[in-house]
Amino acid sequence: MELESKWGKIFIQRFDSHQNTLQETSFDAVFHENCLASEFYSAFLISVPVQGLRILLCGSFYAGHDDFALVDDERLIVLVDTEIFVVDIATGRLLLHKELKVDWQSLWSIYRFGGGYIIHGEIEIVKLNNCFDTEWTFCGGDIWVTLDPAQKAFEIRGDTLRLHDWNGRYYLLNTAGQEIT
């Protein structure tokens with residue numbers, strides 16, 4: 001994954017436990033390193049070349065879907081399953097590590113939305129405020145996946161969310177998590 005920031009590009013490279021390719025040991029910071037003891041994990045090497053920063057962030061093997069990280073001003077926000085990591089890009093310092101209280105464990109992507117953030121999960125859509133507290137959650141009739149490649153299961157359009165579940169049902173939500181008919 002490659003993100004743009006005022007410090008230039010930020011690169012995030014994924015390593016899985018089964019690859020045995022994470023041989024490097026020199027990092028400016030390591031977050032959530034206890035998962036490295038597991039036989040089933042993913043590690044993310046976050047590099048900010050202009051700053052010379054190299055950060056290792058560890059998490060579940062299932063973490064790291066598309067758009068699991070974003071740059072918000074001077075912060076890098078990374079979603080690893082049900083955990084949020086907020087890193088100061090200039091210093092590499094961990095500003096926040098928060099476990100989200102959700103019903104379903106599989107959260108995939110995070111985006112800016114409605115004055116906060118929206119998380120697209122397998123079963124749950126989660127709206128967070130700027131302090132990463134949950135404002136609301138929304139579930140459909142089944143998982144947020146479609147068989148039709150032309151039809152997106154999750155889409156942000158301005159101040160609305162357009163959602164399709166596995167059953168083919170369509171939902172249109174506003175920033176308050178209310179269905180629009």
Side-chain angles (χ1 to χ4, degrees), residues 1-5 8-22 32 35 38 40-47 57-72 75-87 99-129 132 134-181:
M1 172 181 258
E2 190 175 301
L3 300 170
E4 291 289 335
S5 75
K9 294 188 184 300
I10 297 174
F11 301 96
I12 303 177
Q13 183 178 2
R14 178 186 173 134
F15 297 91
D16 294 328
S17 54
H18 69 279
Q19 293 174 314
N20 291 326
T21 55
L22 187 61
H32 212 259
C35 77
S38 166
F40 199 56
Y41 70 87
S42 289
F44 303 94
L45 175 59
I46 301 168
S47 303
L57 174 61
C58 304
S60 159
F61 181 79
Y62 300 106
H65 291 267
D66 293 342
D67 301 324
F68 70 99
L70 61 89
V71 172
D72 190 2
R75 305 177 308 168
L76 175 66
I77 300 164
V78 184
L79 173 69
V80 179
D81 291 325
T82 60
E83 297 176 86
I84 296 278
F85 294 84
V86 181
V87 178
E99 176 87 24
L100 300 174
K101 304 296 182 213
V102 293
D103 292 332
W104 300 97
Q105 295 298 309
S106 191
L107 300 178
W108 294 338
S109 307
I110 185 167
Y111 307 91
R112 288 293 284 159
F113 179 74
Y117 304 92
I118 197 77
I119 295 176
H120 170 213
E122 180 180 20
I123 294 177
E124 208 166 6
I125 303 298
V126 181
K127 171 68 169 65
L128 305 175
N129 64 20
F132 302 97
T134 301
E135 289 186 353
W136 53 262
T137 62
F138 185 82
C139 295
D142 206 329
I143 59 176
W144 300 115
V145 177
T146 65
L147 286 175
D148 181 358
Q151 185 180 61
K152 295 180 181 179
F154 175 90
E155 185 178 11
I156 298 172
R157 282 204 193 159
D159 60 354
T160 62
L161 293 177
R162 297 168 187 268
L163 308 166
H164 288 91
D165 69 19
W166 182 259
N167 296 328
R169 292 178 56 198
Y170 171 74
Y171 307 85
L172 181 63
L173 303 182
N174 63 20
T175 58
Q178 300 163 330
E179 280 192 76
I180 302 169
T181 53

Which value, rounded to the nearest 0.5 Å, describes the distance between [X] atom [atom1] and [Y] atom [atom2]?
{"X": "Phe68", "Y": "Met1", "atom1": "CZ", "atom2": "CE", "value": "5.0 Å"}
{"X": "Ile12", "Y": "Leu76", "atom1": "CD1", "atom2": "CG", "value": "5.0 Å"}
{"X": "Asn174", "Y": "Thr160", "atom1": "CG", "atom2": "OG1", "value": "9.0 Å"}
{"X": "Leu173", "Y": "Arg162", "atom1": "CG", "atom2": "CZ", "value": "11.0 Å"}
{"X": "Leu128", "Y": "Ile84", "atom1": "CG", "atom2": "CD1", "value": "6.0 Å"}
{"X": "Ile118", "Y": "Ile110", "atom1": "CD1", "atom2": "CD1", "value": "9.5 Å"}

Pairs satisfying salt bridge (Lys or Arg N to Asp or Glu O under 4.0 Å), at least one member in [range], at least two apart:
{"range": "residues 146-157", "result": "Glu155-Arg157"}
{"range": "residues 106-116", "result": "Asp72-Arg112"}
{"range": "residues 170-181", "result": "none"}

Pairing residues for Tyr117 by the ring pair (Phe, Tyr, Trp, His ring centres under 6.0 Å) criterion, not counting sequence neighbours: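 Here the qualifying residues are Phe132.
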For Tyr111, ring pair (Phe, Tyr, Trp, His ring centres under 6.0 Å) partners two or more places apart: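 Ring pair (Phe, Tyr, Trp, His ring centres under 6.0 Å) list for Tyr111, sorted by chain: Phe154.
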Beyond-backbone contact of Leu100 with Glu83, side-chain heavy atoms, under 4.5 angstrom: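 With C-beta onward as the side chain, the pair stays apart.
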Phe44 side chain reached by Val78 side chain, heavy atoms, under 4.5 Å: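 Answer no - side chains too far apart.
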Residues Ile125, Trp136; criterion side chain to side chain contact (heavy atoms under 4.5 Å, CB included); working and verdict: CA-CA 8 Å; Ile125 303 298; Trp136 53 262; 4.2 Å; yes
Aromatic ring pairing Phe138/Trp144, orientation class (parallel under 30°, perpendicular over 60°, tilted between):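 Answer is parallel, since the angle falls under 30°.
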Asp165 (side chain) donor-acceptor with Asn167 (main chain) under 3.5 angstrom: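 At least one qualifying donor-acceptor pair exists.
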With sequence neighbours excluded, residues passing side chain to side chain contact (heavy atoms under 4.5 Å, CB included) with [X]:
{"X": "Thr175", "value": "Phe113, Asp159"}
{"X": "Ala153", "value": "Thr146"}
{"X": "Leu147", "value": "Trp166"}
{"X": "Glu2", "value": "Lys9, Phe11"}

Which residues share a salt bridge (charged side-chain N to carboxylate O under 4.0 Å, His left out) with Glu135, sequence neighbours left out: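 Partners of Glu135 by the salt bridge (charged side-chain N to carboxylate O under 4.0 Å, His left out) criterion, ordered by chain and then number, come out as Lys127.
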Non-neighbouring partners of Gln151 that pass side chain to side chain donor-acceptor pair (under 3.5 Å), sequence neighbours left out: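 Checked Gln151 against side chain to side chain donor-acceptor pair (under 3.5 Å); matches are His164.
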Heavy-atom pair with the smallest gap, counting every atom of Glu124 and Leu107: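 Heavy atoms of Glu124 and Leu107 come nearest at O-CD2, 4.4 Å.
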Shortest non-hydrogen contact from Cys58 toward Val80: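 What the structure gives for the nearest pair is O-CG1, 4.3 Å.
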